[in-house]
Amino acid sequence: EQGESSRLRARLLELNRDAARFYYELLHDKRGEACAEYLNQRRITRRTAVNFGLGASADEWDGLLTAMARKGYSKAELLAAGLVVQGKGGSVYDKFRKRLIFPVIDVRGDVVAFGGRIVDKNDPGAKYMNSPETIIYSKRRVLYGLNLAKKSKRENIILVEGNIDVVMLHQAGFDNACASMGTALTTEQIRLLSRYTKELILCYDNDNAGRIATQKALELLNDTDFSVRVLELPNRIVDGQPVKQDADDFIKYQGRDAFEKLLSGSANGMEFTLSQVADKYDLKEDKDRIAYAAEIAETLARLGDPVEREVYTTRAAEAAGLPEAMRMEVERARKRSYAKEKKQQERREMNPVSDRQPIERGMRYANMRSAMAEEGVLRLLCTDDSVFGDAPPLREEEFSSPLLGRLFARLWQQRQESGRISLPLLAESFTPDEVSHLSTIVQKPESLKNAPQALRDYIRIIQEEYQKHSGAGLDPLAAATEKYKAQLGHGGKQHG
(Lines give C-alpha, C1' and ligand atoms only; values in the text may rest on other atoms or scores of the structure.)
Protein backbone atom coordinates (compact mmCIF):
# COMPACT_ATOMS: atom_id res chain seq x y z
CA GLU A 1 0.00 0.00 0.00
CA GLN A 2 1.28 3.49 -0.86
CA GLY A 3 2.34 5.63 2.10
CA GLU A 4 0.31 8.69 3.08
CA SER A 5 3.04 10.94 1.66
CA SER A 6 2.94 9.25 -1.79
CA ARG A 7 -0.84 9.45 -1.88
CA LEU A 8 -0.74 13.14 -1.00
CA ARG A 9 1.88 13.84 -3.70
CA ALA A 10 -0.28 12.15 -6.35
CA ARG A 11 -3.36 14.06 -5.14
CA LEU A 12 -1.61 17.47 -5.23
CA LEU A 13 -0.22 16.82 -8.73
CA GLU A 14 -3.79 16.03 -9.84
CA LEU A 15 -5.04 19.23 -8.17
CA ASN A 16 -2.33 21.36 -9.84
CA ARG A 17 -3.19 19.87 -13.24
CA ASP A 18 -6.87 20.74 -12.74
CA ALA A 19 -5.94 24.24 -11.50
CA ALA A 20 -3.73 24.79 -14.59
CA ARG A 21 -6.69 23.76 -16.78
CA PHE A 22 -8.98 26.16 -14.89
CA TYR A 23 -6.55 29.09 -15.38
CA TYR A 24 -6.02 28.17 -19.06
CA GLU A 25 -9.76 28.16 -19.78
CA LEU A 26 -10.17 31.47 -17.96
CA LEU A 27 -7.62 33.13 -20.29
CA HIS A 28 -10.00 32.45 -23.20
CA ASP A 29 -13.04 33.60 -21.20
CA LYS A 30 -14.48 37.07 -20.55
CA ARG A 31 -13.01 37.08 -17.02
CA GLY A 32 -9.50 36.70 -18.49
CA GLU A 33 -9.75 39.62 -20.94
CA ALA A 34 -7.19 41.79 -19.11
CA CYS A 35 -4.60 38.98 -19.30
CA ALA A 36 -5.38 38.27 -22.97
CA GLU A 37 -4.91 41.98 -23.71
CA TYR A 38 -1.59 41.97 -21.84
CA LEU A 39 -0.37 39.07 -24.03
CA ASN A 40 -1.25 41.14 -27.12
CA GLN A 41 0.73 44.10 -25.76
CA ARG A 42 3.74 41.87 -25.12
CA ARG A 43 3.35 40.34 -28.62
CA ILE A 44 2.98 36.83 -27.23
CA THR A 45 1.11 34.74 -29.82
CA ARG A 46 -1.74 32.38 -29.05
CA ARG A 47 0.42 29.47 -30.22
CA THR A 48 3.15 30.38 -27.68
CA ALA A 49 0.57 30.83 -24.91
CA VAL A 50 -0.80 27.35 -25.64
CA ASN A 51 2.73 25.88 -25.78
CA PHE A 52 3.45 27.14 -22.25
CA GLY A 53 -0.09 26.51 -20.96
CA LEU A 54 -0.42 30.16 -19.91
CA GLY A 55 -3.58 31.07 -18.02
CA ALA A 56 -5.39 33.86 -16.20
CA SER A 57 -6.71 34.40 -12.69
CA ALA A 58 -9.79 36.62 -12.40
CA ASP A 59 -10.45 39.63 -10.17
CA GLU A 60 -12.22 37.51 -7.53
CA TRP A 61 -11.35 36.05 -4.14
CA ASP A 62 -12.61 32.49 -4.53
CA GLY A 63 -12.82 31.63 -8.25
CA LEU A 64 -10.30 28.78 -8.09
CA LEU A 65 -11.37 27.75 -4.58
CA THR A 66 -14.99 27.26 -5.67
CA ALA A 67 -14.10 25.48 -8.92
CA MET A 68 -11.71 23.04 -7.20
CA ALA A 69 -14.17 22.40 -4.32
CA ARG A 70 -16.72 21.35 -6.97
CA LYS A 71 -14.18 18.81 -8.22
CA GLY A 72 -13.92 17.34 -4.72
CA TYR A 73 -10.69 18.93 -3.46
CA SER A 74 -10.62 19.91 0.19
CA LYS A 75 -9.55 23.21 1.71
CA ALA A 76 -6.59 21.41 3.33
CA GLU A 77 -5.41 20.09 -0.05
CA LEU A 78 -5.65 23.56 -1.62
CA LEU A 79 -3.60 24.95 1.28
CA ALA A 80 -1.04 22.14 0.97
CA ALA A 81 -0.64 22.96 -2.76
CA GLY A 82 -0.17 26.67 -1.98
CA LEU A 83 -3.13 27.61 -4.23
CA VAL A 84 -5.07 29.34 -1.47
CA VAL A 85 -3.99 31.46 1.49
CA GLN A 86 -5.40 31.45 5.02
CA GLY A 87 -6.52 34.81 6.39
CA LYS A 88 -6.31 35.89 10.05
CA GLY A 89 -9.90 34.89 10.78
CA GLY A 90 -9.32 31.38 9.45
CA SER A 91 -11.07 31.96 6.10
CA VAL A 92 -9.19 31.01 2.93
CA TYR A 93 -8.98 32.80 -0.43
CA ASP A 94 -7.24 32.37 -3.81
CA LYS A 95 -3.52 33.15 -3.78
CA PHE A 96 -3.44 34.29 -7.44
CA ARG A 97 -5.88 37.05 -8.43
CA LYS A 98 -5.85 39.41 -11.46
CA ARG A 99 -2.65 37.83 -12.77
CA LEU A 100 -1.26 36.17 -15.87
CA ILE A 101 -0.53 32.60 -14.78
CA PHE A 102 2.59 30.61 -15.70
CA PRO A 103 2.25 26.91 -14.79
CA VAL A 104 5.62 25.54 -13.65
CA ILE A 105 6.06 22.13 -15.30
CA ASP A 106 8.92 19.83 -14.28
CA VAL A 107 10.93 17.61 -16.65
CA ARG A 108 8.47 14.72 -16.07
CA GLY A 109 5.63 16.88 -17.37
CA ASP A 110 3.93 17.40 -13.97
CA VAL A 111 2.55 20.83 -13.00
CA VAL A 112 4.35 21.40 -9.68
CA ALA A 113 3.73 25.11 -9.05
CA PHE A 114 2.58 28.43 -10.53
CA GLY A 115 3.93 31.91 -11.13
CA GLY A 116 1.67 34.95 -11.47
CA ARG A 117 2.42 38.36 -13.01
CA ILE A 118 0.32 41.50 -12.59
CA VAL A 119 -1.09 42.80 -15.89
CA ASP A 120 -2.36 46.18 -14.72
CA LYS A 121 0.54 48.62 -14.22
CA ASN A 122 -1.51 50.49 -11.57
CA ASP A 123 -1.92 47.32 -9.48
CA PRO A 124 -0.19 47.94 -6.11
CA GLY A 125 0.62 44.21 -5.65
CA ALA A 126 4.03 42.58 -6.12
CA LYS A 127 4.99 42.37 -9.82
CA TYR A 128 5.65 38.62 -9.59
CA MET A 129 4.20 36.07 -7.18
CA ASN A 130 5.22 32.41 -6.97
CA SER A 131 3.86 29.28 -5.30
CA PRO A 132 5.39 28.55 -1.88
CA GLU A 133 7.51 25.43 -1.30
CA THR A 134 5.26 22.37 -1.01
CA ILE A 135 5.80 18.62 -0.84
CA ILE A 136 5.76 18.52 -4.68
CA TYR A 137 7.69 21.73 -5.33
CA SER A 138 11.12 22.94 -4.30
CA LYS A 139 12.26 25.99 -6.26
CA ARG A 140 15.88 24.86 -5.86
CA ARG A 141 15.16 21.75 -7.99
CA VAL A 142 13.11 23.16 -10.88
CA LEU A 143 13.89 25.38 -13.88
CA TYR A 144 11.04 27.14 -15.67
CA GLY A 145 10.84 26.01 -19.31
CA LEU A 146 13.33 23.13 -19.01
CA ASN A 147 10.51 20.69 -19.85
CA LEU A 148 10.54 22.29 -23.35
CA ALA A 149 14.23 23.32 -23.57
CA LYS A 150 15.38 19.72 -23.05
CA LYS A 151 13.81 18.82 -26.44
CA SER A 152 15.69 21.57 -28.33
CA LYS A 153 17.95 20.68 -31.27
CA ARG A 154 20.41 23.35 -30.11
CA GLU A 155 23.47 22.03 -28.30
CA ASN A 156 23.44 24.46 -25.37
CA ILE A 157 20.94 25.84 -22.87
CA ILE A 158 20.41 29.58 -22.28
CA LEU A 159 19.71 30.61 -18.69
CA VAL A 160 17.70 33.82 -18.28
CA GLU A 161 16.10 35.54 -15.27
CA GLY A 162 12.35 35.65 -15.86
CA ASN A 163 9.40 33.62 -17.13
CA ILE A 164 8.56 36.21 -19.83
CA ASP A 165 12.17 36.08 -21.12
CA VAL A 166 11.84 32.31 -21.53
CA VAL A 167 8.49 32.62 -23.33
CA MET A 168 9.77 35.35 -25.70
CA LEU A 169 13.02 33.52 -26.52
CA HIS A 170 11.13 30.31 -27.36
CA GLN A 171 8.75 32.31 -29.55
CA ALA A 172 11.76 33.82 -31.41
CA GLY A 173 13.15 30.34 -32.11
CA PHE A 174 15.53 30.04 -29.14
CA ASP A 175 13.73 27.02 -27.70
CA ASN A 176 16.71 26.15 -25.48
CA ALA A 177 15.98 28.88 -22.88
CA CYS A 178 14.93 28.32 -19.26
CA ALA A 179 15.00 30.28 -15.99
CA SER A 180 15.67 29.58 -12.33
CA MET A 181 12.60 30.12 -10.18
CA GLY A 182 13.08 33.56 -8.63
CA THR A 183 16.30 32.38 -7.01
CA ALA A 184 20.02 32.33 -7.79
CA LEU A 185 21.21 29.23 -9.65
CA THR A 186 21.51 26.24 -7.29
CA THR A 187 23.61 23.05 -7.24
CA GLU A 188 20.41 21.00 -7.63
CA GLN A 189 19.51 22.91 -10.82
CA ILE A 190 23.05 22.44 -12.17
CA ARG A 191 22.77 18.70 -11.58
CA LEU A 192 19.46 18.70 -13.46
CA LEU A 193 20.92 20.69 -16.39
CA SER A 194 23.87 18.26 -16.68
CA ARG A 195 21.42 15.59 -17.92
CA TYR A 196 20.65 17.61 -21.05
CA THR A 197 23.69 19.68 -22.03
CA LYS A 198 27.38 20.31 -21.48
CA GLU A 199 27.27 24.00 -22.44
CA LEU A 200 25.45 26.81 -20.65
CA ILE A 201 24.97 30.40 -21.76
CA LEU A 202 24.18 32.88 -18.99
CA CYS A 203 21.99 35.72 -20.26
CA TYR A 204 20.86 37.60 -17.15
CA ASP A 205 19.63 41.22 -17.18
CA ASN A 206 22.36 43.82 -17.73
CA ASP A 207 21.67 45.67 -14.46
CA ASN A 208 23.66 45.38 -11.24
CA ALA A 209 21.50 42.52 -9.87
CA GLY A 210 21.98 40.64 -13.15
CA ARG A 211 25.77 41.03 -12.99
CA ILE A 212 25.84 39.77 -9.38
CA ALA A 213 23.65 36.77 -10.36
CA THR A 214 26.02 36.03 -13.27
CA GLN A 215 29.08 36.16 -11.01
CA LYS A 216 27.47 33.84 -8.44
CA ALA A 217 26.46 31.37 -11.16
CA LEU A 218 30.01 31.39 -12.58
CA GLU A 219 31.47 30.62 -9.14
CA LEU A 220 29.03 27.73 -8.72
CA LEU A 221 29.81 26.36 -12.21
CA ASN A 222 33.57 26.71 -11.74
CA ASP A 223 34.22 23.12 -10.60
CA THR A 224 31.77 21.45 -13.00
CA ASP A 225 32.19 19.88 -16.44
CA PHE A 226 30.12 22.60 -18.09
CA SER A 227 31.55 24.89 -20.72
CA VAL A 228 30.09 28.28 -19.73
CA ARG A 229 29.65 31.45 -21.77
CA VAL A 230 28.17 34.82 -20.82
CA LEU A 231 25.96 36.78 -23.16
CA GLU A 232 26.14 40.45 -22.17
CA LEU A 233 23.17 42.44 -23.45
CA PRO A 234 24.16 45.94 -24.58
CA ASN A 235 22.20 48.99 -23.42
CA ARG A 236 19.54 50.37 -25.75
CA ILE A 237 19.85 54.08 -26.61
CA VAL A 238 16.59 56.01 -26.12
CA ASP A 239 16.63 59.80 -26.72
CA GLY A 240 20.41 59.74 -26.53
CA GLN A 241 20.38 57.96 -23.12
CA PRO A 242 21.49 54.34 -22.43
CA VAL A 243 18.62 52.14 -21.15
CA LYS A 244 19.21 48.71 -19.58
CA GLN A 245 17.38 45.81 -21.21
CA ASP A 246 16.62 42.12 -20.78
CA ALA A 247 16.43 39.34 -23.41
CA ASP A 248 12.77 40.11 -24.13
CA ASP A 249 13.57 43.81 -24.82
CA PHE A 250 16.55 42.94 -27.00
CA ILE A 251 14.56 40.62 -29.26
CA LYS A 252 11.67 43.10 -29.44
CA TYR A 253 13.87 46.04 -30.49
CA GLN A 254 16.89 44.44 -32.22
CA GLY A 255 15.32 41.25 -33.57
CA ARG A 256 16.19 37.54 -33.49
CA ASP A 257 19.12 37.77 -35.97
CA ALA A 258 20.89 40.31 -33.77
CA PHE A 259 20.38 38.01 -30.76
CA GLU A 260 21.76 35.04 -32.74
CA LYS A 261 24.85 37.12 -33.60
CA LEU A 262 25.29 38.10 -29.95
CA LEU A 263 24.92 34.46 -28.97
CA SER A 264 27.70 33.25 -31.26
CA GLY A 265 30.08 35.94 -30.00
CA SER A 266 29.34 35.59 -26.28
CA ALA A 267 32.40 35.59 -24.01
CA ASN A 268 33.39 32.62 -21.93
CA GLY A 269 32.81 32.87 -18.19
CA MET A 270 36.39 33.71 -17.24
CA GLU A 271 36.70 36.47 -19.87
CA PHE A 272 33.49 38.00 -18.52
CA THR A 273 34.86 37.93 -14.94
CA LEU A 274 38.21 39.45 -15.98
CA SER A 275 36.49 42.35 -17.74
CA GLN A 276 33.98 42.88 -14.89
CA VAL A 277 36.73 43.08 -12.25
CA ALA A 278 39.01 45.23 -14.47
CA ASP A 279 36.12 47.71 -15.00
CA LYS A 280 36.13 48.45 -11.26
CA TYR A 281 39.70 49.78 -11.26
CA ASP A 282 41.81 52.40 -12.98
CA LEU A 283 44.72 50.19 -14.06
CA LYS A 284 46.97 53.22 -14.68
CA GLU A 285 46.98 53.89 -10.92
CA ASP A 286 49.38 51.79 -8.78
CA LYS A 287 47.00 51.36 -5.83
CA ASP A 288 44.22 50.20 -8.20
CA ARG A 289 46.56 47.73 -9.91
CA ILE A 290 47.46 46.23 -6.51
CA ALA A 291 43.77 46.01 -5.51
CA TYR A 292 42.88 44.47 -8.90
CA ALA A 293 45.65 41.84 -8.52
CA ALA A 294 44.43 40.91 -5.02
CA GLU A 295 40.78 40.55 -6.15
CA ILE A 296 41.33 38.69 -9.43
CA ALA A 297 43.89 36.33 -7.83
CA GLU A 298 41.14 34.90 -5.59
CA THR A 299 39.10 33.99 -8.70
CA LEU A 300 42.08 32.64 -10.68
CA ALA A 301 43.17 30.51 -7.72
CA ARG A 302 39.85 28.61 -7.90
CA LEU A 303 40.51 27.40 -11.47
CA GLY A 304 41.23 23.68 -11.21
CA ASP A 305 42.80 23.24 -14.66
CA PRO A 306 46.48 24.42 -14.50
CA VAL A 307 46.59 25.32 -18.22
CA GLU A 308 43.43 27.42 -17.93
CA ARG A 309 44.82 29.05 -14.78
CA GLU A 310 48.08 29.90 -16.55
CA VAL A 311 46.30 31.39 -19.63
CA TYR A 312 44.07 33.70 -17.58
CA THR A 313 46.78 34.61 -15.07
CA THR A 314 48.92 35.76 -18.02
CA ARG A 315 45.99 37.80 -19.38
CA ALA A 316 45.28 39.43 -15.99
CA ALA A 317 49.01 40.13 -15.52
CA GLU A 318 49.13 41.88 -18.91
CA ALA A 319 46.06 43.99 -18.06
CA ALA A 320 47.64 45.15 -14.79
CA GLY A 321 51.25 45.24 -16.06
CA LEU A 322 52.36 42.92 -13.21
CA PRO A 323 53.81 39.76 -14.88
CA GLU A 324 55.69 38.22 -11.92
CA ALA A 325 53.69 39.69 -9.02
CA MET A 326 50.38 38.34 -10.44
CA ARG A 327 51.69 34.75 -10.52
CA MET A 328 52.92 35.03 -6.91
CA GLU A 329 49.58 36.54 -5.82
CA VAL A 330 47.63 33.67 -7.45
CA GLU A 331 49.91 31.09 -5.82
CA ARG A 332 49.43 32.69 -2.39
CA ALA A 333 45.64 32.73 -2.90
CA ARG A 334 45.75 29.02 -3.86
CA LYS A 335 47.62 28.15 -0.66
CA ARG A 336 45.14 30.14 1.45
CA SER A 337 42.22 28.47 -0.31
CA TYR A 338 43.74 25.00 0.19
CA ALA A 339 44.36 25.64 3.92
CA LYS A 340 40.78 26.91 4.35
CA GLU A 341 39.32 23.89 2.54
CA LYS A 342 41.43 21.52 4.65
CA LYS A 343 40.18 23.16 7.85
CA GLN A 344 36.56 22.90 6.67
CA GLN A 345 37.07 19.24 5.76
CA GLU A 346 38.48 18.50 9.23
CA ARG A 347 35.49 20.27 10.78
CA ARG A 348 33.11 18.21 8.62
CA GLU A 349 34.85 14.97 9.63
CA MET A 350 34.55 15.91 13.30
CA ASN A 351 30.87 16.78 12.86
CA PRO A 352 29.53 14.41 10.17
CA VAL A 353 25.88 15.17 10.94
CA SER A 354 26.07 18.88 10.06
CA ASP A 355 24.86 18.21 6.53
CA ARG A 356 21.67 16.70 7.93
CA GLN A 357 20.52 20.08 9.21
CA PRO A 358 17.35 21.52 7.63
CA ILE A 359 18.09 24.16 4.93
CA GLU A 360 15.85 26.76 6.62
CA ARG A 361 17.89 28.50 9.34
CA GLY A 362 14.88 28.92 11.61
CA MET A 363 14.43 25.13 11.77
CA ARG A 364 18.06 24.23 12.63
CA TYR A 365 18.54 21.53 15.27
CA ALA A 366 20.31 22.28 18.54
CA ASN A 367 20.78 18.59 19.46
CA MET A 368 21.54 16.45 16.41
CA ARG A 369 21.52 13.07 18.24
CA SER A 370 18.03 13.66 19.60
CA ALA A 371 16.75 15.34 16.41
CA MET A 372 17.74 12.36 14.20
CA ALA A 373 15.79 10.07 16.57
CA GLU A 374 12.85 12.53 16.60
CA GLU A 375 12.80 12.46 12.79
CA GLY A 376 12.72 8.64 13.01
CA VAL A 377 9.67 8.71 15.31
CA LEU A 378 7.82 11.05 12.93
CA ARG A 379 8.77 8.89 9.94
CA LEU A 380 7.39 5.75 11.61
CA LEU A 381 4.23 7.57 12.70
CA CYS A 382 3.57 8.68 9.09
CA THR A 383 4.52 5.43 7.36
CA ASP A 384 3.51 2.66 9.81
CA ASP A 385 1.64 3.87 12.88
CA SER A 386 0.67 0.25 13.76
CA VAL A 387 3.91 0.03 15.83
CA PHE A 388 2.55 2.68 18.22
CA GLY A 389 0.23 1.85 21.12
CA ASP A 390 -2.79 3.87 22.22
CA ALA A 391 -0.91 6.29 24.46
CA PRO A 392 1.70 8.72 23.04
CA PRO A 393 5.20 7.30 23.77
CA LEU A 394 6.67 10.80 24.23
CA ARG A 395 5.64 14.19 25.54
CA GLU A 396 6.02 17.22 23.27
CA GLU A 397 8.52 18.84 25.67
CA GLU A 398 10.83 15.80 25.43
CA PHE A 399 11.62 16.73 21.80
CA SER A 400 14.78 18.83 21.47
CA SER A 401 13.37 20.47 18.29
CA PRO A 402 10.24 22.53 19.11
CA LEU A 403 9.02 22.12 15.50
CA LEU A 404 9.35 18.31 15.54
CA GLY A 405 7.62 18.23 18.93
CA ARG A 406 4.70 20.29 17.61
CA LEU A 407 4.44 18.11 14.50
CA PHE A 408 4.37 14.96 16.63
CA ALA A 409 1.68 16.38 18.95
CA ARG A 410 -0.52 17.45 16.01
CA LEU A 411 -0.14 14.14 14.14
CA TRP A 412 -0.91 12.17 17.29
CA GLN A 413 -4.02 14.31 17.84
CA GLN A 414 -5.15 13.51 14.26
CA ARG A 415 -4.62 9.79 14.93
CA GLN A 416 -6.77 9.95 18.07
CA GLU A 417 -9.53 12.05 16.49
CA SER A 418 -9.92 10.31 13.12
CA GLY A 419 -7.89 7.11 13.40
CA ARG A 420 -5.59 8.20 10.56
CA ILE A 421 -2.74 10.60 9.79
CA SER A 422 -3.32 13.28 7.12
CA LEU A 423 -0.43 15.49 6.02
CA PRO A 424 -2.65 17.96 4.06
CA LEU A 425 -4.48 18.90 7.27
CA LEU A 426 -1.18 20.16 8.71
CA ALA A 427 -1.37 23.08 6.26
CA GLU A 428 -3.94 24.64 8.60
CA SER A 429 -1.50 24.83 11.54
CA PHE A 430 1.97 24.92 9.94
CA THR A 431 3.74 27.03 7.29
CA PRO A 432 4.43 25.54 3.82
CA ASP A 433 8.17 25.36 4.70
CA GLU A 434 7.37 23.39 7.87
CA VAL A 435 5.09 20.95 6.00
CA SER A 436 7.77 20.63 3.29
CA HIS A 437 10.36 19.79 5.99
CA LEU A 438 8.13 17.03 7.38
CA SER A 439 7.70 15.70 3.85
CA THR A 440 11.50 15.57 3.44
CA ILE A 441 11.77 13.65 6.73
CA VAL A 442 9.07 11.14 5.67
CA GLN A 443 10.81 10.51 2.34
CA LYS A 444 14.11 9.53 3.95
CA PRO A 445 14.71 5.74 3.90
CA GLU A 446 13.43 3.78 6.92
CA SER A 447 13.31 -0.02 7.11
CA LEU A 448 9.91 -1.10 8.41
CA LYS A 449 11.12 -4.67 8.97
CA ASN A 450 12.40 -3.90 12.48
CA ALA A 451 10.07 -0.95 13.11
CA PRO A 452 9.14 -1.86 16.74
CA GLN A 453 12.83 -2.12 17.75
CA ALA A 454 13.70 1.05 15.82
CA LEU A 455 10.91 2.93 17.63
CA ARG A 456 12.19 1.72 21.03
CA ASP A 457 15.71 2.88 20.14
CA TYR A 458 14.50 6.28 18.97
CA ILE A 459 12.46 6.82 22.15
CA ARG A 460 15.39 5.76 24.36
CA ILE A 461 17.75 8.26 22.65
CA ILE A 462 15.23 11.12 22.88
CA GLN A 463 14.58 10.49 26.58
CA GLU A 464 18.31 10.09 27.37
CA GLU A 465 19.05 13.44 25.69
CA TYR A 466 16.06 15.07 27.38
CA GLN A 467 17.22 13.93 30.82
CA LYS A 468 20.80 14.91 30.08
CA HIS A 469 19.88 18.47 29.08
CA SER A 470 16.94 19.17 31.37
CA GLY A 471 18.25 17.60 34.54
CA ALA A 472 15.03 15.51 34.72
CA GLY A 473 15.43 12.43 36.88
CA LEU A 474 18.67 13.69 38.48
CA ASP A 475 19.13 14.61 42.11
CA PRO A 476 19.53 18.39 42.71
CA LEU A 477 23.36 18.25 42.97
CA ALA A 478 23.71 16.19 39.76
CA ALA A 479 21.26 18.47 37.97
CA ALA A 480 23.22 21.55 39.02
CA THR A 481 26.46 19.89 37.82
CA GLU A 482 24.89 19.04 34.43
CA LYS A 483 23.65 22.61 34.06
CA TYR A 484 27.10 23.99 34.91
CA LYS A 485 28.75 21.66 32.37
CA ALA A 486 26.26 22.77 29.71
CA GLN A 487 27.06 26.43 30.42
CA LEU A 488 30.78 25.75 30.05
CA GLY A 489 30.08 23.93 26.79
CA HIS A 490 28.30 27.01 25.43
CA GLY A 491 31.23 29.32 25.90
CA GLY A 492 30.61 30.09 29.61
CA LYS A 493 33.82 30.67 31.61
CA GLN A 494 34.61 29.90 35.18
CA HIS A 495 35.61 32.92 37.21
CA GLY A 496 37.50 32.33 40.39
| task | Evaluate side-chain contact (heavy atoms from CB on, under 4.5 Å) for Glu295 paired with Tyr281, printing each intermediate quantity in order. | result | CA-CA 11 Å; Glu295 182 174 343; Tyr281 299 98; 2.6 Å; yes
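- The environment of Lys252 atom NZ is dense: over 12 non-hydrogen atoms of other residues, nucleotides or ligands sit within 6.0 angstrom.
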| request: Assess whether salt bridge (charged side-chain N to carboxylate O under 4.0 Å, His left out) is satisfied between Glu232 and Arg211, documenting all intermediate values. | output: CA-CA 9 Å; Glu232 262 197 287; Arg211 279 191 283 276; 5.2 Å; no
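- Applying the 6.0 Å contact sphere to CZ of Arg43 captures no more than 12 heavy atoms from other residues, nucleotides or ligands.
- Annotation: the span from Glu60 atom CD to Leu65 atom CG amounts to 10.5 Å, rounded to 0.5 Å.
- Heavy atoms only, all atoms of each residue included: Arg99 and Gly116 are closest at NH1-O, 3.2 Å.
- A side-chain donor-acceptor contact under 3.5 Å links Lys150 to the backbone of Val107.
- Remark: side-chain polar atoms of Ser264 are paired, donor with acceptor, to backbone N or O of Lys261 under 3.5 angstrom.
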| request: Show the numbers, then the answer: is there a side-chain hydrogen bond (donor to acceptor under 3.5 Å, both in side chains) between Tyr458 and Glu374? | output: CA-CA 7 Å; Tyr458 289 146; Glu374 290 159 26; over 6 Å; no
| query | Taking it one step at a time, do Arg154 and Leu263 satisfy side-chain contact (heavy atoms from CB on, under 4.5 Å)? | reply | CA-CA 12 Å; Arg154 291 176 181 260; Leu263 207 54; 4.1 Å; yes
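- Just one of Leu148, Ile158, Leu159 meets the side chain to side chain contact (heavy atoms under 4.5 Å, CB included) condition when paired with Cys178; it is Leu159.
- Aromatic ring centroids of Phe52 and His170 lie under 6.0 Å apart.
- Checked against a 6.0 Å centroid threshold, the rings of Phe408 and Phe399 count as neighbours.
- Taking CZ of Phe102 as the reference point, atom CE of Met129 lies at 14.0 Å (rounded to 0.5 Å).
- Taking the side chain as every heavy atom from C-beta outward, Asp385 and Leu380 never approach each other to under 4.5 Å.
- Side-chain contact check for Glu417 versus Gln414: every heavy-atom pair is 4.5 Å or farther apart.
- Glu375 and Tyr365 share a side-chain donor-acceptor pair at under 3.5 Å.
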| query | Given the rule in the side-chain contact (heavy atoms from CB on, under 4.5 Å) test, do Thr197 and Phe226 qualify, once you have shown the distances and angles that lead to the verdict? | reply | CA-CA 8 Å; Thr197 187; Phe226 283 104; 4.1 Å; yes
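- Under a 4.0 Å N-O distance rule, the pair Arg406/Glu434 qualifies as a salt bridge.
- A salt bridge links Arg11 to Glu77: at least one charged side-chain nitrogen sits closer than 4.0 Å to a carboxylate oxygen.
- Taking the side chain as every heavy atom from C-beta outward, Asn222 and Glu219 never approach each other to under 4.5 Å.
- Looking only at distances, a side-chain donor or acceptor of Asp29 sits under 3.5 Å from a matching main-chain atom of Arg31.
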| Asp205 and Lys244: CA distance, side-chain angles, deciding distance, side-chain contact (heavy atoms from CB on, under 4.5 Å) verdict | CA-CA 8 Å; Asp205 298 357; Lys244 299 188 183 307; over 6 Å; no
| said: Could you walk me through whether Asn235 and Asn206 satisfy the side-chain hydrogen bond (donor to acceptor under 3.5 Å, both in side chains) test, starting with their C-alpha distance in whole Å, then the side-chain angles of each, then the deciding distance to 0.1 Å, before giving a yes or no? | reply: CA-CA 8 Å; Asn235 285 331; Asn206 72 345; 2.8 Å; yes
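- The nearest pair of heavy atoms linking Ala247 to Leu169 is CB-CD1, 4.1 Å.
- With Asp62 contributing its side chain and Thr66 its backbone, the two residues share no donor-acceptor pair below 3.5 Å.
- In this structure, the side chain of Glu133 engages the main chain of Lys139 through a donor-acceptor pair within 3.5 Å.
- One finds a salt bridge joining Arg315 and Glu271 here, because a Lys/Arg side-chain nitrogen approaches an Asp/Glu carboxylate oxygen to under 4.0 Å.
- Considering only heavy atoms from C-beta on, Asp120 stays 4.5 Å or farther from Lys98 through its side chain.
- Side chains of Val50 and Tyr24 form a contact here, defined as non-hydrogen atoms less than 4.5 Å apart.
- For the pair Ala49 and Ile44, the tightest heavy-atom approach, listed with the atom from each and the gap, is N-CG2, 4.3 Å.
- Proximity of the aromatic rings of Phe174 and Phe259 is defined here by a centroid distance below 6.0 angstrom, and this criterion is met.
- By the neighbour-count criterion of 12 heavy atoms within 6.0 Å, atom CZ of Arg46 is sparsely surrounded, having that number or fewer from other residues, nucleotides or ligands.
- Between Asn156 and Tyr196, every side-chain heavy-atom pair lies at or beyond the 4.5 Å cut-off.
- To the nearest 0.5 angstrom, Thr45 atom OG1 is 9.0 Å from Leu39 atom CG.
- Distance check, rounded to the nearest 0.5 Å: NZ of Lys151 to CG of Asn176 gives 14.0 Å.
- Taking all atoms of both residues into account, the shortest heavy-atom contact from Tyr23 to Ser57 is CE2-CB, 3.9 Å.
- Of the possible polar contacts, none joining the Ser439 side chain to the Val435 backbone as a donor-acceptor pair under 3.5 Å is found.
- Electrostatic pairing of Arg21 and Glu25 does not count as a salt bridge here, judged by no charged N lying under 4.0 Å from a carboxylate O.
- Put simply, the side chain of Leu83 does not reach to within 4.5 Å of the side chain of Tyr73, judged on heavy atoms.
- Checked by atom type and distance alone, the side chain of Asp207 pairs as donor or acceptor with a backbone atom of Gly210 at under 3.5 Å.
- Within the 4.5 Å cutoff, side-chain heavy atoms of Glu37 are placed close to those of Asn40.
- In this structure, Ala371 and Leu404 approach most closely via the heavy-atom pair O-CD1, 4.0 Å.
- Of the N and O atoms on the side chains of Thr186 and Arg140, not one donor lies less than 3.5 Å from an acceptor on the other residue.
- Salt-bridge annotation for Glu155 and Lys198: absent, with no side-chain N of the basic residue lying under 4.0 Å from a carboxylate O of the acidic one.
- Here the closest non-hydrogen pair linking Leu100 and Gly55 is CD1-O, 3.3 Å.
- With rounding to the nearest 0.5 Å, the separation of CZ in Arg410 from CG in Leu426 is 7.0 Å.
- The local environment of NZ in Lys216 is sparse, with at most 12 non-hydrogen atoms from other residues, nucleotides or ligands closer than 6.0 Å.
- Leu407 contributes atom CG, which lies 9.5 Å from atom CD of Glu396 (distance to the nearest 0.5 angstrom).
- Although no hydrogens or angles enter the test, the distance criterion places no donor-acceptor pair under 3.5 Å between the side chain of Arg17 and the main chain of Val111.
- Ser194 places a side-chain N or O within donor-acceptor distance of the main-chain N or O of Arg191, the cut-off being under 3.5 Å.
- Side chain of Asp249 to backbone of Asp246: a donor-acceptor contact under 3.5 angstrom is found.
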